Protein chains: 2
Amino acid sequence: MRNKVQCEECSEDSCLIKYLIGSEYLKAVRNGMTQNVYKKDTHIFKEGDPIFGIYFIQSGGVKVVTTSLNGREQVVRLAKAGQILGHRGLDSARYYFNAIALMDTMVCFIESKVFNATCLNSAELSYHLMILFAHELRRAELRVKYQAQMNIREKVAEAFLYINEVFGVNPETKLLNISLSRQDIADTAGTTAEQVTRQLRDFENEKLIARDKWSIKILDIKGMEKIVEDYAIF
Amino acid sequence: MRNKVQCEECSEDSCLIKYLIGSEYLKAVRNGMTQNVYKKDTHIFKEGDPIFGIYFIQSGGVKVVTTSLNGREQVVRLAKAGQILGHRGLDSARYYFNAIALMDTMVCFIESKVFNATCLNSAELSYHLMILFAHELRRAELRVKYQAQMNIREKVAEAFLYINEVFGVNPETKLLNISLSRQDIADTAGTTAEQVTRQLRDFENEKLIARDKWSIKILDIKGMEKIVEDYAIF
DNA sequence: TTAGATAAATGATAATTATCACTCTTCAAG
DNA sequence: CTTGAAGAGTGATAATTATCATTTATCTAA
């Protein structure tokens, strides 16, 4: 959990704002930026809320979730430190999704007015934001395919690969750097908590993972990848 | 099917290039643009192909498809005249998806080098492309939810709403402006052609649609929308 | 430490959906 | 017009997955 820092001193190298360092636009961004802590399970923003601005995660982790009227949630994105939130509503008056903290999370906030003006002024920031959009769109569309075509075994394996990709594992313990409930994993995989539990038992029996009290240890990442290899693109 | 036209004279008002009319950048774009016809069922580009450039649909219709190694296809996007293709690979060396003509389709092509330079130079084009990305990303993520949570009835209804949204219906005949095979509808809905056929029969029995030789007539669009209302966002 | 609440795990079963095997219909080519 | 291929439709069944009901394990507050 980090203390409030200036952008130049922030250790999050992957943050888009890093592209502004040294430019004339950084000052406006920094002057309009606030930093807040969100406790685990609290909303950073909610679908339907008026859009105030754009968020950057300084530390912690967030799930971006869409909820159906029947109460079911679908995790559409996981985000770690350095990543941006709220950009899906760039052209909109309201947030379309919920951003919920998966652990205590420090988030930097910039008002839309400031961020949008900076995008219009800094070709470099704008360009990198567009690259990010292209990348996220591709990933989202692959996830449409996964949901349409994968069986539960494959979906749960894919969910773990995604969690590992975003949050990584502790190199020593091999434990995923985040502890997620069975329901969160299920909402990411697109199935039920019971099916996740069953599949985890199978994976553990196959020595692909180990269930630890706090989180999951990934024993054989290649073995997990092999489960979903039919869905790889070129 | 249109003949080759200049951008200023093209009747496709929704094309992004329209934002360049009157600007100094239009000439480079126009000089670097070619127009080609793709027959129904042919590829405009294939996943894995090196990226040559960006396409704009002048007339016709295209499905953007991702294919799994097991041969299954998932339609991730439908696109009509005026819309852009190939922008998902903006930052990439290869196309990630296939674009396949759903009917004879005329497409304008701009080399990546020209298009990217124009984006960097024209803040207006860049901005509108970003808006398009935000919009498409939201839609793609909603589709993740639909695939994860909807049953077949709902998925097929949603597929028809999407087809109607993109291609519309003939106001007189109420027939969808495009004739899609049961397999194409299934690849859009994320199910099998048999299930699509069954569901169509049910919808017809419920007077929501009528099956015509050439296409489908949507009799009660509100009734179709009601089937998926649980998944609406705010 | 205890009690209560919640999460995880498990077994059984109901519901859903893909698959398979066919028949019927339509279309295109000769 | 005929024939063959392909698409659409249908019925049956196998496979998969959600749901339900319970038990076990864990966590938190007093």
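Chain identifiers are assigned alphabetically (A, B, ...) following the order of the sequence lines, protein sequences preceding nucleic acid strands; residue numbering begins at 1 within each chain. From a predicted model like this one, the values you see are computed outputs, not experimental measurements.
- Side chains of A:Tyr231 and A:Gln149: no donor on one and acceptor on the other come within 3.5 Å.
- Listed in residue order, the members of residues 180-189 of chain A having a heavy atom less than 4.0 Å from DNA chain C are A:Ser181, A:Arg182.
- Each end of the helix from C:dT1-D:dA30 to C:dG30-D:dC1 gets its own rotation axis from five pairs of C1' atoms, and the angle between them is 50° to the nearest 10 degrees.
- With sequence neighbours excluded, the residues satisfying ring pair (Phe, Tyr, Trp, His ring centres under 6.0 Å) with B:Tyr96 are A:Phe234.
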For residues 196-211 of chain A, tabulate all N or O donor-acceptor pairs below 3.5 Å that involve a side-chain atom, not counting sequence neighbours.
from, atom 1, to, atom 2, distance (Å)
A:Thr197, OG1, A:Ala193, O, 3.2
A:Glu204, OE1, A:Arg211, NE, 2.9
A:Glu204, OE1, A:Arg211, NH2, 3.1
A:Glu204, OE2, A:Arg211, N, 2.6
A:Asn205, ND2, A:Arg201, O, 3.4
A:Glu206, OE1, A:Arg153, NH2, 3.1
A:Glu206, OE2, A:Arg153, NH1, 3.0

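- Only B:Asn151, B:Ile152, listed by number, bring a heavy atom of residues 147-157 of chain B to less than 4.0 angstrom from any atom of DNA chain C.
- When the ring pair (Phe, Tyr, Trp, His ring centres under 6.0 Å) test is applied to B:Phe109, the partners found at least two apart in sequence or on another chain are B:Tyr55.
- The side chain to side chain contact (heavy atoms under 4.5 Å, CB included) search around B:Thr192 returns B:Glu194, B:Gln195, not counting sequence neighbours.
- For the segment residues 193-203 of chain B, the set of residues with a heavy atom within less than 4.0 Å of an atom of DNA chain D comprises B:Glu194, B:Thr197, B:Arg198, B:Arg201, in numerical order.
- Contact check for A:Glu165 versus A:Arg139: side-chain heavy atoms found under the 4.5 Å cut-off.
- A:Tyr146 meets the ring pair (Phe, Tyr, Trp, His ring centres under 6.0 Å) test with no other residue; sequence neighbours excluded.
- Counting heavy atoms from C-beta on, the side chains of A:Leu102 and A:Phe167 come closer than 4.5 Å.
- Here B:Lys39 pairs with B:Asp104 in a salt bridge; the nearest charged N to carboxylate O distance falls below 4.0 Å.
- Mapping heavy-atom proximity under 4.0 Å, the span of DNA chain C touched by chain A runs 5' to 3' from C:dA8 to C:dA12.
- At least one cation-pi condition fails for A:Arg77 and A:Phe97: the charged atom is not both under 6.0 angstrom from the six-membered ring centre and inside a 45 degree cone around its axis.
- Using modelled atom types and a 3.5 Å distance limit, the side chains of A:Thr191 and A:Lys155 yield no donor-acceptor pair.
- Take A:Lys226 and apply the salt bridge (Lys or Arg N to Asp or Glu O under 4.0 Å) test, not counting sequence neighbours, and it matches A:Glu229.
- Distance CZ/A:Phe56 to CD1/A:Ile17: 3.5 Å, rounded to 0.5 Å.
- For the pair B:Arg138 and A:Asp91, the salt-bridge criterion is met [side-chain N within less than 4.0 Å of a carboxylate O].
- In this structure, B:Glu111 has no salt bridge (Lys or Arg N to Asp or Glu O under 4.0 Å) partners at least two apart in sequence or on a different chain.
- Nucleic acid contact for A:Arg72: none, since no nucleic acid atom lies under 4.0 Å from a heavy atom of the residue.
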